[in-house]
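These numbers were taken from a predicted model, which means no experiment stands behind them.
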Amino acid sequence: MLKILFNERNLFFITLLNVIIIYVHSFNYFSAYYGYFDIVDALFTVFFLLEIIFKISSNTNNGLKSKFNYYWRFDNWNKLDFISVVLAL
């Protein structure tokens, strides 16, 4: 189930939805919905945090430090994901 959820196409779609929510949140026209946008944005942050945890834990290295180092060095997109989630928290 997690492999279906965390495949590249689905992650792209979820990221695109997150960008749309952030974009729409910037217009005063939708100010009545800001509370809903904040909730949805928090859910996206939790989802992306779970993605990071899943990617780090699925690594076959022993020890948390070596798993994180592999995650950090494996792909530059991982760095962007990690920094974005940390800033969102």
Side-chain angles (χ1 to χ4, degrees):
M1 165 109 177
L2 289 175
K3 289 184 180 182
I4 293 170
L5 186 61
F6 291 123
N7 72 32
E8 294 298 320
R9 192 177 104 204
N10 291 344
L11 287 173
F12 175 77
F13 179 70
I14 292 169
T15 304
L16 184 63
L17 284 175
N18 191 17
V19 168
I20 291 169
I21 291 294
I22 291 170
Y23 177 72
V24 171
H25 192 279
S26 66
F27 293 105
N28 289 332
Y29 181 77
F30 298 104
S31 63
Y33 302 103
Y34 282 179
Y36 297 113
F37 293 153
D38 291 338
I39 292 170
V40 172
D41 192 41
L43 292 174
F44 280 125
T45 302
V46 169
F47 176 81
F48 290 124
L49 179 64
L50 291 174
E51 176 202 2
I52 290 170
I53 291 170
F54 174 73
K55 282 184 176 181
I56 291 173
S57 66
S58 66
N59 189 334
T60 58
N61 291 336
N62 292 330
L64 183 61
K65 185 176 180 179
S66 63
K67 288 183 178 194
F68 180 78
N69 284 337
Y70 179 80
Y71 168 81
W72 188 259
R73 293 184 180 138
F74 179 72
D75 189 3
N76 286 330
W77 288 110
N78 289 343
K79 293 176 185 176
L80 177 68
D81 290 344
F82 184 80
I83 291 170
S84 298
V85 169
V86 167
L87 289 174
L89 295 175

Measure the shortest side-chain to side-chain distance between [X] and [Y] over non-hydrogen atoms and say whether it is less than 4.5 angstrom.
| X | Y | value |
| --- | --- | --- |
| Asn62 | Lys67 | no |
| Phe82 | Trp77 | no |
| Ile56 | Tyr70 | no |
| Leu11 | Phe47 | yes |
| Phe48 | Ile14 | yes |
| Phe30 | His25 | no |

Other residues, nucleotides and ligands only: do more than 12 of their heavy atoms fall within 6.0 Å of OH on Tyr34?
yes
Residues Ile52 and Asp81: closest non-hydrogen pair is CD1-O, 3.9 Å
If you group Ile, Leu, Val, Met, Phe, Trp and Tyr by side-chain heavy-atom gaps below 4.5 Å, do [X] and [Y] land in one group?
| X | Y | answer |
| --- | --- | --- |
| Ile53 | Leu80 | no |
| Phe74 | Trp72 | no |
| Leu16 | Val85 | yes |
| Tyr33 | Val24 | yes |

Roughly how far apart are [X] [atom1] and [Y] [atom2], rounded to 0.5 Å?
| X | Y | atom1 | atom2 | result |
| --- | --- | --- | --- | --- |
| Leu64 | Asn69 | CG | CG | 9.5 Å |
| Leu49 | Ser84 | CG | OG | 12.5 Å |
| Asn10 | Thr15 | CG | OG1 | 10.5 Å |

### Task
Using modelled atom types only, decide if a donor and an acceptor are shared between the side chain of Asn78 and the backbone of Tyr71 within a distance under 3.5 Å.
yes
Tell me if a side-chain donor or acceptor on Ser31 pairs with a main-chain N or O of Phe27 at a distance below 3.5 Å. no
Checking Asn18, Val40, Leu89 against Thr45 for side chain to side chain contact (heavy atoms under 4.5 Å, CB included), the one that qualifies is Leu89
task: Decide yes or no on side-chain contact (heavy atoms from CB on, under 4.5 Å) for Phe44 and Ile22, but give the supporting numbers first.
output: CA-CA 11 Å; Phe44 280 125; Ile22 291 170; over 6 Å; no
